[in-house]
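Start at 1 with the first residue, then count along the sequence.
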Amino acid sequence: MSTTNVKKIVKQFGIKASAQKRIRGGIYRIVTPEGRKFCLKRMTKQIARLRWIDRMLMHVQRSGPLLAWRNPQNPEGRKPHAISQKGEFFVLTPWISGREPSPLSLTDMRACGIALARFHKAGQNALKGDISHSQIGMWYSTLHSRQQYIQKKIAKAKTNSFSLPISRFIQRHGPEILRYANQAKALLRSSGYESYRQSPRKNGVLCHGDGGPSNFILNENGTYLIDFETLHVDLRAYDLYRVIYNSCKDYRWDFSIAKAILDGYREVAKLKKTDYKLIRVWLRFPFTTYLVLSPFKRFPFTESRLQWALDSERRITSFLHKLEEYETRH
Ligand SMILES: Nc1ncnc2c1ncn2[C@@H]1O[C@H](COP(=O)(O)OP(=O)(O)O)[C@@H](O)[C@H]1O
Ligand SMILES: [Mg+2]
């Protein structure tokens, strides 16, 4: 988007941009002539969903948790969103100065766990039993359709439809990958999920949906959450899984990272047996492999990427044993 167009959108919020920096497509850091900093972000959501996200976050923010969201008391926070010439929605939030938490710091990870639990607590009051935008009932179908996707790729590999090294790799390791997917589904069946999903009003929380080091910011005020495009209602295990996955995936699945996150979370809220099992369900699904196979070009589709993903899935096996031990101890 051009500098002029960014300026026009920012103007709709009643502020002037004297400087702008593109963070990525659709995300800009805006500086006003007085030196105040904001984040302008395109939200690719339907208007009803955007209104719901806005309502929920303003409620949560009022009850304590630190979030990068608008404050309707401030002049620039009065307007929930602006619309570009192309008809896209943009939100303006304060720019939070600080640093990303590091998975190498257990103190940082504990802080993330605490912030997530506080967010869930505050979200429960915001929801007041309203379970629109819930994904609680979709766990089986999500896992199943991802598994089917993997199966399709395995079938293609059998006819050598990919390059020879890739086809051979998938032929050789396909059964192992599918075993992990089946284990995830079996875990789900024996987890207590059914009874949770039957009382969504009791068990649903407001889930961030994509927690992880890049969506927390630490500064002297505390731990902020940012990036709310994936906000939805779900079981809290889903958020814990996301934070654990995103924090551990690049650190060889070192369980001490997850332990710090869970320790932090448990300082604020208790976890039940079923919660731990539900976290294990998502971790056991071969999601990293799924991402490499999938068309979102986040990862190149190469043999070395597939090997990297498989190594990750294998590390998760012992990681899950440690999670079970952790569960038994607490
Ligand atoms: N309000 C904000 N304050 C400070 N940094 C931000 C803010 N919004 C985004 N960022 C920075 O930009 C990055 C990408 O923004 P984010 O909203 O997380 O988008 P994405 O959907 O790409 O994850 C963040 O990881 C963070 O470093
Ligand atoms: Mg993000």
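Remark: side-chain polar atoms of N215 are paired, donor with acceptor, to backbone N or O of D210 under 3.5 angstrom. Panel note: side chain Q135, backbone H232; no donor-acceptor pair is recorded below 3.5 Å. Of the possible donor and acceptor atoms, none in the side chain of R315 sits under 3.5 Å from a partner among the backbone N and O of L310. The backbone N or O of T3 sits less than 3.5 Å from a side-chain atom of Q20, completing a donor-acceptor pair. Side-chain atoms of S18 come within 3.5 Å of backbone atoms of V31 as a donor-acceptor pair (strictly under, hydrogens ignored).
For the pair F285/Q147, a side-chain contact is recorded, criterion being any heavy-atom separation below 4.5 Å from C-beta on. Looking at D108 and F216, their side chains never come closer than 4.5 Å, going by heavy atoms from C-beta outward. For the pair T274/Y193, no side-chain contact is recorded, criterion being any heavy-atom separation below 4.5 Å from C-beta on. Under the 4.5 Å side-chain criterion, counting only non-hydrogen atoms from C-beta, V91 is in contact with W69. In this structure, H81 and M43 have side chains that are not in contact, with every pair of non-hydrogen atoms separated by 4.5 Å or more. Residues Y180 and T317 have side chains in contact (heavy-atom distance under 4.5 Å, counting atoms from C-beta outward). Counting heavy atoms from C-beta outward, F228 and M56 have side chains that stay 4.5 Å or more apart.
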Original post:
What do the steps show when you test Y326 against D263 for side-chain hydrogen bond (donor to acceptor under 3.5 Å, both in side chains), and what is the final call?
Top reply: CA-CA 10 Å; Y326 181 92; D263 285 349; 2.5 Å; yes

Original post:
Does the side-chain hydrogen bond (donor to acceptor under 3.5 Å, both in side chains) test come out yes or no for Q198 and N203, once each step is laid out?
Top reply: CA-CA 9 Å; Q198 271 156 27; N203 299 303; over 6 Å; no

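A salt bridge links R70 to D54: at least one charged side-chain nitrogen sits closer than 4.0 Å to a carboxylate oxygen. Salt-bridge check for R110 with E267: passed, with a basic side-chain N closer than 4.0 Å to an acidic carboxylate O. Salt bridge status for E327 with K277: absent, with no side-chain N to carboxylate O gap under 4.0 Å.
The cationic atom of R146 (NZ for Lys, CZ for Arg) lies less than 6.0 Å from the six-membered ring centre of Y290 and within 45° of the ring axis.
Taking the centre of each ring, F162 and F301 come in below the 6.0 Å mark. Residues W282 and Y245 place their aromatic rings such that the two centres sit no closer than 6.0 Å.
Ring geometry for F255 versus F319: interplanar angle over 60°, hence perpendicular rather than tilted (30 to 60°).
H120 and D239 are linked by a side-chain donor-acceptor pair at a separation below 3.5 angstrom, with hydrogens and angles left out of the test. Residues T44 and E229 have side chains that bring a donor and an acceptor to within less than 3.5 angstrom of each other.
The 12-atom threshold is not exceeded at CZ of R252, counting heavy atoms of other residues, nucleotides or ligands nearer than 6.0 Å.
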